[in-house]
*Asks:* 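What follows is a structure written as structure tokens; I'll ask about it next.
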Amino acid sequence: MATPSAVSDNLLAKYEPVIGLEVHVQLLTASKIFCSCSTRFGDPPNTNVCPVCLGLPGALPVLNRKAVEFAALAAMALECRINEVSIFARKNYFYPDLPKGYQISQYDKPLAEFGFIEIDLNENRTHESKTSGSKKKIGITRLHLEEDAGKSLHEGFADAASKTAIDLNRTGVPLAEIVSEPDMRSPAEAYEYLTRLKEIILYTGVSDCNMEEGSLRCDANISVRPRGQKEFGTKTEIKNVNSFRFVKQALEYEIERHIEILESGGKITQESRLYNAHEGKTHGMRSKEQAHDYRYFPEPDLLPLVVDEKWQTLIRASLPELPEARRRRMMKEYGITAGDAHTLTLTRALADQFESAARTAKNPRRVANLVQSELLGRLKAQGLELEQSPISMAGVTASADLVESGAISGKMLKDLYDLCFERKQDFPAVYEAEGRPEQSRDTSALEKLADELIAANPKQVEQYRAGKKTMIAFFVGQVMKASKGQANPQLVNEVLTRKLEG
Ligand code: ADP
Ligand code: MG
Ligand code: ZN
């Protein structure tokens, strides 16, 4: 856990953090970026390799078309401009898991530039009230294509205590590197940026963004400057943090570390650091290389990459409706709240499911309400994701329609949902198994209640009979309360109207 800070709120307020993120996203192609080896995760070490990805002399790279299309699609979803011509470059450095001694990346001319992600820092975004919120655009400097390096293994084999093993299955796996402008001003903004970025990439389907498997990795660059100062301070880079929560924690720690150093008259060393989540601290790893240390030069074995208008148009055709646009449309189309729309677009699959259900539902708002009020709480209580819900969207819709028509009560729905979770069965199955229960249409108890209420509230009765028909809501409310929500509202209405008119 993070150590409690010595830096006071006063000092924190005196300095402004500046944050820029570099995110690596693995593109979900079946084969690697420059050879036909498989990209499958979890295969035995060094089984998916060939002369190209092993970096043997004389082996020639051939660019994977799909990797280009996936990267371009991601770039379009991030509002980037695609460069019609981009250049592959060699980034030279020595690392045990980089047998070639260089990584093929893009440098001067990346595939795409000048994008942005809109973030929204309104903490209430999941609640009803959200309207405009505090939106902010975070610039995306560039998105380029590159190959991944191999992996050093420090555990899970015989001599792990004394040796490091190298698995080269991952060398040559296609990555899109997405570099942000230093536009973020707090760890919370960084967290929000990553959340939106991941959401957008997932919608495009070009990556599974699985952080445990390394399909999404984040380097966080951070500096602080006295508020009001224009120039940026010296930055440090926190490498390869493996969850968004840890990125936030690491940034919080690092901000305080910078402030402490500056306040005590010291200087920040530009360097790469590693975050240890157990300690909640960052540690210096190596002083940061300058670009010239990498001796970048154009990759002589690859032609310039040309993605012309025609190809761009083809790629753009597969761009799905993106989460933010989808939320706006869904609010309008189904009359649901921003909070509902947010929940229902958490994944593209869920949004698809909801929409196909909502189109047939008697009342789409009720479907959205049930998801929020009845489904999510139960899922959370059992530690389940929405995709693991025993009740499908079609099930939610079926139940919503039954409540809508008055066949079952809200209370009955809750009980049936409990049974669905107990039995891990969808709503229609449980509803059938329970013999299609119906809320009582026996009016004798209702009539008795209505008579009592009418006798006890002469003033309201008088008002109703004098023409104030809306008074019926008062009586309906009283009956519903007395029946603990069990009564069928339609029936209550019928009985009361009859009595009051009579
Ligand atoms: P480097 O050459 O050290 O990798 P870049 O200019 O390529 O630096 O920037 C890398 C990342 O660091 C980008 O996301 C950028 O927004 C961010 N960045 C650059 N300067 C700063 C700074 N002073 N403070 C915080 N982040 C920064
Ligand atoms: Mg960089
Ligand atoms: Zn290969």
Side-chain angles (χ1 to χ4, degrees), residues 15-24 29-40 43 46-56 59-64 67 78 89 91 93 99-100 104-108 110 113-117 138-144 146-150 167-174 177-187 189-190 193-194 197 217-226 229-239 247 250-251 254-255 258 262 267-273 285-294 296:
Y15 287 93
E16 179 178 53
V18 171
I19 299 166
L21 300 176
E22 296 165 280
V23 173
H24 287 92
T29 55
S31 59
K32 295 186 179 180
I33 185 169
F34 299 123
C35 63
S36 57
C37 291
S38 168
T39 56
R40 207 168 26 246
D43 278 356
N46 301 310
T47 52
N48 296 325
V49 290
C50 74
V52 174
C53 53
L54 286 174
L56 300 185
L60 284 176
V62 178
L63 181 58
N64 181 338
L78 298 171
K91 180 180 183 181
Y93 63 98
K100 290 207 293 266
I104 304 180
S105 180
Q106 295 187 307
Y107 186 55
D108 289 331
E113 294 175 276
F114 312 119
F116 66 87
I117 290 179
I138 307 298
I140 290 175
T141 316
R142 54 190 275 143
L143 180 150
H144 67 250
E146 62 183 31
E147 58 179 344
D148 206 349
D167 177 7
L168 295 175
N169 281 350
R170 215 170 68 182
T171 38
V173 161
E177 178 172 344
I178 302 157
V179 182
S180 89
E181 289 289 305
D183 283 349
M184 286 156 273
R185 296 291 174 266
S186 68
E189 287 190 8
Y193 168 87
L194 288 169
L197 173 61
R217 308 194 292 264
C218 176
D219 301 337
N221 298 270
I222 168 83
S223 63
V224 302
R225 61 181 170 186
Q229 177 183 304
K230 211 162 164 237
E231 300 77 43
F232 291 148
T234 303
K235 73 176 159 90
T236 53
E237 180 190 34
I238 311 161
K239 287 298 245 188
V247 171
L251 284 169
E254 196 60 10
I255 288 166
H258 282 217
L262 295 175
K267 263 199 170 133
I268 308 291
T269 319
Q270 179 163 342
E271 63 180 356
S272 296
R273 300 178 67 85
M285 181 170 75
R286 55 167 192 250
S287 72
K288 173 79 184 163
E289 300 86 351
Q290 299 296 308
H292 61 254
D293 295 334
Y294 290 121
Y296 277 102

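Nothing fancy with the numbering, it's 1 onward along the sequence. Everything numeric here is computed off the predicted structure, so don't read it as measured data. Whatever order the structure lists them in is the order used to number ligands and atoms, beginning at 1.
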*Asks:* Between Glu181 and ligand 1, find which residue part has any heavy-atom pair under 4.0 Å and reply side chain, backbone, both or neither.
*Replies:*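 Contact part for Glu181 vs ligand 1: backbone (N, CA, C, O).
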*Asks:* Taking 4.0 angstrom as the limit and counting only heavy atoms of Gly20, give me the atoms of ligand 1 inside it, by number and element.
*Replies:*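 Heavy-atom distances to Gly20 below 4.0 Å select 14 (O), 16 (O), 17 (C), 26 (N).
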*Asks:* Under the criterion side-chain contact (heavy atoms from CB on, under 4.5 Å), I'd like the reasoning laid out for Phe34 against Asn64: C-alpha separation, chi angles, the key distance, then a yes or no.
*Replies:* CA-CA 6 Å; Phe34 299 123; Asn64 181 338; over 6 Å; no
*Asks:* So, Asn169 versus Asp43: side-chain donor-acceptor pair below 3.5 Å or not?
*Replies:*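 Checked: Asn169/Asp43 side chains show no N/O donor-acceptor pair below 3.5 Å.
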*Asks:* Taking only heavy atoms of Gly233 into account, list the atoms of ligand 1 that are under 4.0 Å away from them.
*Replies:*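 Listed by number with element, the hits are 23 (N).
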*Asks:* Nearest 10° is fine: what angle sits at the Zn ion (ligand 3) between SG from Cys53 and SG from Cys50?
*Replies:*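 Taking the Zn ion (ligand 3) as the apex, I get 110° for this pair.
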*Asks:* Below 4.0 angstrom, N of the basic side chain to O of the carboxylate: do Lys239 and Glu237 qualify?
*Replies:*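 Answer for the salt bridge query: yes.
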*Asks:* Output the list of atoms in ligand 1 that are nearer than 4.0 Å to some heavy atom of Ser180, sorted by atom number.
*Replies:*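 Once the distances to Ser180 are compared, the set is 13 (C), 14 (O), 15 (C), 16 (O).
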*Asks:* Under a plain distance cut-off of 3.5 Å, with no hydrogens placed, do Glu146 and His144 share a side-chain donor-acceptor pair?
*Replies:*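 Yes, Glu146 and His144 have a side-chain donor paired with an acceptor closer than 3.5 Å.
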*Asks:* Can you tell whether the side chains of Glu147 and Lys100 come within less than 4.0 Å, N to carboxylate O?
*Replies:*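 Yes, charged N to carboxylate O under 4.0 Å.
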*Asks:* Does an N or O from Pro182, backbone or side chain, lie closer than 3.5 Å to an N or O of ligand 1?
*Replies:*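 Yes: some nitrogen or oxygen of Pro182 is under 3.5 Å from one in ligand 1.
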*Asks:* Where on Val179 is there a heavy atom closer than 4.0 Å to ligand 1, on the side chain, on the backbone, on both, or on neither?
*Replies:*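 Just the side chain.
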*Asks:* Flag the pair Glu113 and Arg142 as a salt bridge only when some basic side-chain nitrogen lies within less than 4.0 angstrom of an acidic carboxylate oxygen.
*Replies:*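 Salt bridge between Glu113 and Arg142, a charged N being under 4.0 Å from a carboxylate O: no.
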*Asks:* Relative to ligand 1, is Leu21 under 4.0 angstrom through side chain, backbone, both or neither, heavy atoms considered?
*Replies:*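 For Leu21, only backbone atoms sit under 4.0 Å from ligand 1.
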*Asks:* Taking all non-hydrogen atoms of both residues into account, name the closest pair between Ala67 and Pro174 and its distance.
*Replies:*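 Minimum heavy-atom separation between Ala67 and Pro174: CB-CB, 3.9 Å.
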*Asks:* Under 3.5 Å, is there a donor-acceptor pair linking the side chains of Thr236 and His258?
*Replies:*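 Present: a donor and an acceptor within the cut-off.
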*Asks:* Given Lys235, Glu231, Met184, which has its nearest heavy atom closest to atom 19 (C) of ligand 1?
*Replies:*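 Minimum heavy-atom distance to atom 19 (C) of ligand 1 goes to Lys235.
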*Asks:* Check ligand 1 against Val18 and write out every atom of the ligand that is under 4.0 Å from a heavy-atom position of the residue.
*Replies:*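 Result: 24 (N), 25 (C).
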*Asks:* Need the ligand 1 atom indices (1-based, order shown) with element for anything under 4.0 Å from a heavy-atom of Phe232.
*Replies:*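 Taking each heavy atom of Phe232 in turn, ligand 1 has 23 (N) under 4.0 Å.
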